[in-house]
Structures are given as C-alpha cells and as structure tokens.
Protein chains: 2
Amino acid sequence: MTPSRGGAAGHGRVATLSDVAREAGVSLATASRAINGSTNRSVREDLRERVLAAAARLDYSPNANAQAMARGRTATLGLIVHDIADPFFSTIAAGVTEAADAAGLAVTLANTEHDPERELGFIQTLQNLRARSIILVGGRQDDDEGNRRLRDALAAYQERGGSAAMVGQPILGVSAVHVDNRGAAAELARALHGLGYRRFAVLGGPANHLTARERREGFCEALAELGSPVPDEAVVPCAFVRDGGYDGMKELLARGLDVEVVFAVNDVMALGAMTAARDAGLDLPRDLAFAGFDDITALRDVTPTLTTVAIDMVDIGRQATALALGEGGGEPQVVIASGDVVLRESTPGPR
Amino acid sequence: MTPSRGGAAGHGRVATLSDVAREAGVSLATASRAINGSTNRSVREDLRERVLAAAARLDYSPNANAQAMARGRTATLGLIVHDIADPFFSTIAAGVTEAADAAGLAVTLANTEHDPERELGFIQTLQNLRARSIILVGGRQDDDEGNRRLRDALAAYQERGGSAAMVGQPILGVSAVHVDNRGAAAELARALHGLGYRRFAVLGGPANHLTARERREGFCEALAELGSPVPDEAVVPCAFVRDGGYDGMKELLARGLDVEVVFAVNDVMALGAMTAARDAGLDLPRDLAFAGFDDITALRDVTPTLTTVAIDMVDIGRQATALALGEGGGEPQVVIASGDVVLRESTPGPR
DNA sequence: TTGTACGCGTTATCAG
DNA sequence: CTGATAACGCGTACAA
C-alpha cells in the first residue's frame with residue numbers, strides 16, 4: 001500500500017515523469033523513452049524495467065495535455081451529432097467510438113440538439129482542444145449561408161492541421177459518407193409498386209433538409225417514371241423527428257386523400273405516423289401500409305414489422321472515422337453507403 | 001480575407017497568444033487577461049479592445065491543452081457507458097451533455113460495450129486526460145473483486161483532484177443517482193396485482209446484475225406479500241439486453257407454465273420478449289400481458305403500448321452531472337430517482 | 001493597470 | 001544508449 005502523498009485536503013499530488021525518473025535513478029529523457037517507445041526503441045532493458053517499476057510504484061499517469069503540448073498533437077477525436085438520444089445518431093456513435101478506440105483516440109461528444117448554430121460553436125471548441133479530427137454527423141440543410149460558414153470553419157480547422165469527415169451530403173469540402181438516399185428510396189418505391197401499390201403518400205420532412213429531400217425526390221421520381229406519380233397534396237412536409245411523423249400523419253389524414261401506403265423519410269417518423277394512424281382508428285397494416293428508412297434497431301420489435309431501407313449505421317460510423325483519420329493529403333473522398341430495401345409486414349400488398 | 005499563414009503543405013501555423021499580443025502591441029500577460037477575464041477584470045478598455053481585435057484578425061484559438069497545463073485543470077468531463085446505442089444510455093447521455101454544456105465542459109465519451117474490464121481502462125484514460133470529473137453509468141455487478149478494483153481506481157482518481165459520480169448502485173465510494181428499482185418494481189407488482197393478475201413470470205436478467213436483481217426481488221417480494229408468490233421456475237435468468245428478453249421468453253414458453261403476465265426487468269428485454277411471444281403464435285395482449293421498466297422513448301410507438309416504470313433518464317443524466325460537479329468535499333451523496341408506474345395496453349387485466 | 005519571468009509535464013534535439 | 005536542455009502555449013505571482 002503506497003503511503004498517500006501530499007496533504008489530506010484537496011488535490012493529492014500527481015506523480016510526474018520527473019518523479020519517476022528520480023525514483024528510477026535515470027534522467028527525464030530516459031524515463032520518457034522507456035515509457036513511450038515513441039522514437040527508436042533505445043533504452044537498455046534493465047533501465048527500462050527500473051523505470052517501469054518506478055512508474056508502477058508511483059502510480060504514474062502520463063499527462064495527456066502535456067504530451068499534447070510537446071508532441072504538437074492530441075489523441076482526441078471530436079464527434080458532433082444532432083441528437084445523441086436519437087437511435088440513428090447513437091448507433092453511428094457506437095461505430096465511431098469503436099473505430100476511435102481501435103485507433104487509440106478518445107472521443108469528445110458534442111450534441112447540438114438540432115441547432116445548426118451550435119455545430120459551429122462545437123467546431124470552435126474542438127479546435128481549441130486541438131482535436132486531431134472531427135466527424136460531423138447529420139443531414140445538411142439547404143442553406144447557402146449556413147453551409148458556407150460551416151465550410152469555412154472546417155477549412156480553417158483543417159488548415160491548422162486537423163482532419164475532418166462527415167456523414168451526410170458531401171458539400172462541406174471534407175470527406176463524407178453519403179447514404180444513397182435517392183437511389184435507395186427509388187428502389188423502395190419500385191418495390192412497393194411491384195407489390196401492387198398505386199396510391200402513395202409521403203411524409204416528406206422539412207423542405208430544406210437535404211436528406212429528407214433526397215429520399216422524397218428519389219421516391220417520387222421513381223413512381224412518376226412508373227406511371228404512378230404521387231400527387232403534390234399527398235406529400236406532407238414535417239419535422240425530421242418522431243413527432244414530425246406523428247403530426248404529419250394527422251395532417252395527411254385530415255386531407256382525406258385515398259392512400260394505400262405512406263412512406264416516411266425516416267423510421268422514427270414512420271413509427272410516429274403509425275401511432276397517429278392508430279390513434280385515428282385505423283387498423284394496421286390492413287387499412288394503411290407504411291414504410292420508413294434507416295432500419296433502426298427498434299424496428300425488430302414493432303408490429304407490424306416495418307418495411308424500410310436498411311443502412312448499416314455502425315459501419316457508417318466506422319467508415320466516417322476511417323475517412324477522418326486517413327491521410328488528409330488528397331482531395332476529399334466520398335464513400336457512398338448503399339441501402340437495402342427490406343419488405344416487412346407493414347406493406348403486405350394492397351387488398 | 002486573411003492571407004493564409006505558413007506554407008501550403010501540412011499543418012498551417014496556428015496563431016498563438018504571443019502573436020496576438022504582438023499584433024496588439026501589448027504584453028503576453030495583458031493579452032491573456034484581456035481574453036480570459038479569469039482574474040479580476042483589470043485591463044484598460046482600449047487595450048482590451050485592441051487585443052480582442054487582434055485575436056479576431058489572427059483567428060486566434062486558445063490552446064485548451066496549454067491552458068490545462070497552466071491552470072492545472074481541464075474543462076473535460078468523462079462519460080462512461082455500457083452501450084451508447086442502447087436507448088437507456090443514450091438518453092442519459094443526452095442529459096449529461098446538456099448539463100455539461102451548460103457548465104462549459106466538453107464531454108469525452110467512453111463506450112465499454114458491456115466489458116467491465118474496459119471501464120477500468122477508460123478511467124485510466126480519463127485520468128491521463130486529467131478530466132475534471134467522471135460519470136459512470138450503468139448497473140453494477142455483484143463482483144467483489146471487480147467492484148474493489150473499480151472503487152480503488154475511482155479513489156485514486158479523486159485523490160488526484162478529480163471528482164466522480166455514477167448512475168447505479170452506490171457501492172463505489174462516489175456520489176450516485178440510484179433508481180429506486182426495488183420500490184418501483186414492488187409498486188408495479190402491486191399495480192398488476194390490483195388489476196387482478198395472479199400468475200406471474202419474470203424475465204429476471206443476469207443473476208449477478210444488481211439492477212436486475214433489485215427489480216426482480218422488489219417485484220417478487222411484493223407479490224409474495226400479497227399472497228401471489230412467483231414460483232421459482234417462473235423466474236428466468238437472461239441477458240440484460242433485448243436479445244436476452246427474446247431468448248428468455250423462448251425459454252419461459254418452453255417451460256409450459258400457466259402465466260398471465262410477464263415482467264421483464266427492462267424495456268428492451270420486454271420488447272424482445274413480446275416479439276418472441278408473437279413468434280410463438282401468441283396474440284398480445286390477449287394471450288399474455290407484459291410489463292417492462294425504464295420507459296424508453298420507443299415505447300410510445302409499440303403495440304400494444306407497454307406498461308412500465310417510467311424513470312426520467314434525461315434528468316438522471318443532469319443530476320449525475322450535478323453530483324459529479326458539486327464540491328467533492330463532503331461524503332458521497334446518494335440521490336434516489338423514483339420511478340412511476342405507467343399502466344398501458346399491454347396489461348389490460350386478466351380475462 | 002501593465003509587464004517580466006517562471007512554471008506546468010512532456011517530447012525531441014543535440015551533445016556526450 | 002543516455003543525459004542536459006530547449007521548446008510547446010498559457011496563466012499568474014511578482015515587480016514596476
């Protein structure tokens with residue numbers, strides 16, 4: 001049992017590398033080399049052991065901030081998400097933490113709570129922390145001014161030696177994992193059409209939300225090509241979250257259209273919409289079919305099971321990390337993440 | 001448009017406080033004081049403005065690592081969770097990030113992926129980062145050796161000036177938010193008994209998992225007192241995750257017991273169990289009633305809606321942060337988070 | 001109020 | 001292979 005160093009009150013003294021060196025009877029430099037084989041492994045075995053033993057004895061904990069100062073770089077990766085409580089983001093976060101951990105990086109999590117302004121603030125914070133790289137997750141807005149500021153902030157960050165990547169539309173000048181929203185939504189549309197559906201409605205998300213737009217347009221365009229265009233009034237704008245789906249469905253029902261199947265541009269919206277439909281007395285999927293997008297884990301346990309486009313969010317997190325950590329020399333890369341249409345009970349086909 | 005400093009290749013030079021001071025024509029100390037009013041605000045207005053202008057011109061970004069060195073403390077809070085993709089943890093994380101942000105702290109997220117060994121590793125990492133405080137989230141195991149090591153690690157961390165708090169059983173020598181699992185589960189049992197149920201089964205989680213145990217025992221003891229004890233064979237051990245609920249339910253069904261209602265010790269397990277019951281051909285809630293614990297957000301959109309014990313996970317995250325950040329002088333505090341029984345469609349009462 | 005100078009803990013350069 | 005020593009960027013006593 002090591003006798004406690006320092007006084008009883010407040011911060012106990014933390015053993016420093018100098019302490020370890022003294023305890024081991026070597027110089028600071030040698031102690032440093034022994035503990036981190038950073039440069040060529042070049043410390044005699046017996047000395048190395050003496051140092052390691054001393055470090056263990058003093059319960060030495062290398063000061064990462066001091067290392068960051070001396071090395072000129074940190075082992076920190078910044079992760080910015082819109083809402084960590086949303087399964088889409090938390091699942092991607094799981095992929096990022098996994099990959100970051102494998103790379104020996106600590107993850108600093110920033111939760112914007114859907115406020116684009118805070119994205120900028122967090123980039124600044126991560127810049128101050130000298131995070132080695134930043135991963136920005138979430139669909140972009142169609143907002144030239146906002147995107148310009150974000151692009152500038154990321155460019156400045158990269159000019160200072162950081163690397164960055166994002167999940168979403170590759171419009172910020174950094175590498176990105178971009179889900180093939182348009183293509184997969186079209187695929188979904190064709191699959192539903194193939195089941196025999198002809199009267200569609202779309203809970204389309206916010207007009208300016210690029211991911212929502214891509215899914216909405218991909219879906220509608222494919223149906224138009226198939227000769228079953230979605231009427232404008234059957235495309236309801238709404239928020240990109242669960243309550244948006246719920247409210248949008250209420251609105252859709254209020255319009256009294258003749259609809260067989262509803263496509264919500266993400267799963268949580270679809271789930272909210274199904275609840276709204278049920279609240280309105282509909283029997284699902286008999287009275288109305290539903291489809292979503294993302295394939296969040298929770299879908300396994302809803303009834304009817306939800307037809308959707310499955311994307312591998314954990315892997316997207318991993319890939320975004322790989323992009324962020326890859327050599328930042330070349331041009332920004334874009335990785336397309338494909339989506340797989342999964343037909344489930346919520347779309348049994350029209351009666 | 002500021003002309004880019006430094007060469008084209010690699011890391012552009014980052015403006016330092018000295019640069020700002022020179023640009024503003026003041027000393028380093030004055031620049032420091034002007035930018036961080038840390039000590040008494042004591043810099044002439046015109047100088048302060050000159051400094052701020054210079055900082056803006058150079059796009060100065062204070063180096064948080066250097067500040068940490070000089071100040072002797074960081075603005076980093078460590079958050080350790082079992083699984084960030086699990087809605088229970090991600091929702092608590094939302095509360096923690098919210099509170100941390102309000103306190104001006106950056107959150108470093110550590111995902112153990114349910115490996116207790118990694119909790120220790122992350123505490124070490126956060127120690128190295130000199131995180132100001134650590135929040136550990138998740139039920140503890142009944143593992144004296146493991147808990148001892150964890151307690152020692154946290155004690156060492158605190159002795160070095162860090163503060164810590166946890167969500168779960170208050171057995172690690174640090175402040176804790178402890179959900180009243182036992183009491184709330186008992187309350188749930190009484191409510192179900194009050195509905196007329198008499199034949200119960202429990203998907204009880206792992207034998208050594210303290211949260212599972214508290215809920216299981218609270219539930220069973222209350223029923224025993226009411227004269228409707230749960231037979232031993234109706235208490236099925238299983239993993240504390242969704243698949244555990246699914247598998248446990250399969251096992252329960254295989255036992256062929258006469259059961260009216262199943263209590264799973266958390267919501268994701270309950271959802272998995274319901275799916276297993278459906279896969280076995282049961283009609284819910286007609287053939288079998290279900291209840292869970294936690295009230296995760298996803299419950300709003302399942303059918304039948306799930307009876308459960310609601311706990312405010314976002315607020316638990318906030319409270320844990322407050323505990324962690326509160327003066328660490330006194331004894332560890334324990335905040336009891338209560339749970340509210342919410343009866344929903346999954347327990348319509350026995351036929 | 002302002003400036004000087006030292007220290008924070010490490011790494012890395014450069015002699016020995 | 002090892003040991004001094006100069007950075008790294010900033011905060012802050014201390015002196016002016």
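Letters go in sequence order (proteins before strands), and every chain restarts at 1.
In this structure, the side chain to side chain contact (heavy atoms under 4.5 Å, CB included) partners of B/Ala54, at least two apart in sequence or on a different chain, are B/Val20, B/Glu23, B/Ala24, B/Arg57. Scored by the side chain to side chain contact (heavy atoms under 4.5 Å, CB included) test, B/Glu49 finds B/Glu45 as partners (sequence neighbours excluded). Qualifying side chain to side chain contact (heavy atoms under 4.5 Å, CB included) partners for B/Arg132, counting only residues two or more places apart in sequence or in other chains: B/Arg73, B/Thr74, B/Leu105. Residues satisfying the salt bridge (charged side-chain N to carboxylate O under 4.0 Å, His left out) test with A/Arg148, not counting sequence neighbours, are A/Glu145, A/Asp152. In this view, B/Asp46 and B/Arg44 satisfy the salt bridge (charged side-chain N to carboxylate O under 4.0 Å, His left out) rule, not counting sequence neighbours. With sequence neighbours excluded, the residues forming a side-chain hydrogen bond (donor to acceptor under 3.5 Å, both in side chains) with A/Ser27 are A/Thr30, listed by chain and number.
Per the geometry, CG belonging to A/Asn63 stands 7 Å off P belonging to C/dG9, to the nearest Å. Going from atom CD of A/Glu23 over to atom P of C/dG9 covers 17 Å, rounded to whole Å. Between the C1' atom of D/dG9 and the CZ atom of A/Arg71 lies a distance of 17 Å, rounded to the nearest Å. If you take CE of A/Met69 and P of C/dA12, they are 13 Å apart, rounded to a whole angstrom. The distance between atom CG of B/Leu47 and atom P of C/dT2, rounded to the nearest whole Å, is 4 Å. We find that CZ of B/Arg50 is positioned 16 Å from P of C/dT1, with the value rounded to whole Å. As a whole-Å value, the separation of A/Glu49 CD from D/dC1 C1' is 16 Å.
Distance from the side chain of B/Ala29 is smallest for C/dT4 among the nucleotides C/dT4, D/dG11, D/dG9. Among D/dC10, D/dG9, C/dG3, the nucleotide with an atom closest to any side-chain atom of B/Tyr60 is D/dC10. The listed nucleotides are D/dC10, C/dT11, C/dG3; the one nearest the side chain of B/Thr30 is C/dG3. Taking only side-chain atoms of B/Asn36, from C-beta outward, the nucleotide of D/dC8, D/dG11, C/dC8 with the closest atom is D/dG11. Considering only the side chain of A/Val26, D/dG3 comes nearest among D/dC8, D/dG3, D/dG9.
Residue A/Arg44 places at least one side-chain N or O under 4.0 Å from the OP1 or OP2 atom of D/dT2. Contact annotation: A/Ser27 does not reach the phosphate of D/dA4 (side-chain N/O to OP1 or OP2, under 4.0 Å). Phosphate contact (OP1/OP2 of D/dC10, side-chain N/O of B/Asn65, threshold under 4.0 Å): absent. In this model, the phosphate group of D/dC10 is not approached by any side-chain N or O of B/Gln67 to a distance below 4.0 Å at OP1 or OP2. Residue A/Thr16 places at least one side-chain N or O under 4.0 Å from the OP1 or OP2 atom of C/dT10.
When all heavy atoms of B/Ala164 and B/Val174 are compared, the pair lying nearest together is O-CB, 3.7 Å.
Counting only residues at least two apart or on different chains, no ring pair (Phe, Tyr, Trp, His ring centres under 6.0 Å) pair has a member in residues 154-178 of chain B. Residue pairs that meet the ring pair (Phe, Tyr, Trp, His ring centres under 6.0 Å) test with at least one member in residues 99-125 of chain A, sequence neighbours left out, are A/His82-A/His114. The stretch residues 93-105 of chain B participates, sequence neighbours left out, in these salt bridge (charged side-chain N to carboxylate O under 4.0 Å, His left out) pairs: A/Arg118-B/Asp101, B/Glu98-B/Arg318.
For the pair A/Asn63/A/Val14, no side-chain contact is recorded, criterion being any heavy-atom separation below 4.5 Å from C-beta on. You'll find the side chain of B/Asp59 stays beyond 4.5 Å of the side chain of A/Gln127, heavy atoms only.
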Every protein N/O lying under 3.5 Å from an N/O of nucleotides 14-16 of chain D:
none

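A salt bridge is absent between A/Arg149 and A/Glu119; no separation between the charged side-chain nitrogens and carboxylate oxygens falls under 4.0 Å.
Each end of the helix from C/dT1-D/dA16 to C/dG16-D/dC1 gets its own rotation axis from five pairs of C1' atoms, and the angle between them is 40° to the nearest 10 degrees.
Residue contacts shown for A/Leu28 include a base, since a base heavy atom lies under 4.0 Å away.
Heavy-atom distances to DNA chain C give each of B/Asp46 and B/Ala70 a nearest nucleotide, and the one nearer the 5′ end belongs to B/Asp46.
Annotation: proximity of residues 122-134 of chain A to DNA chain C (heavy atom, distance under 4.0 Å) is found for no residue.
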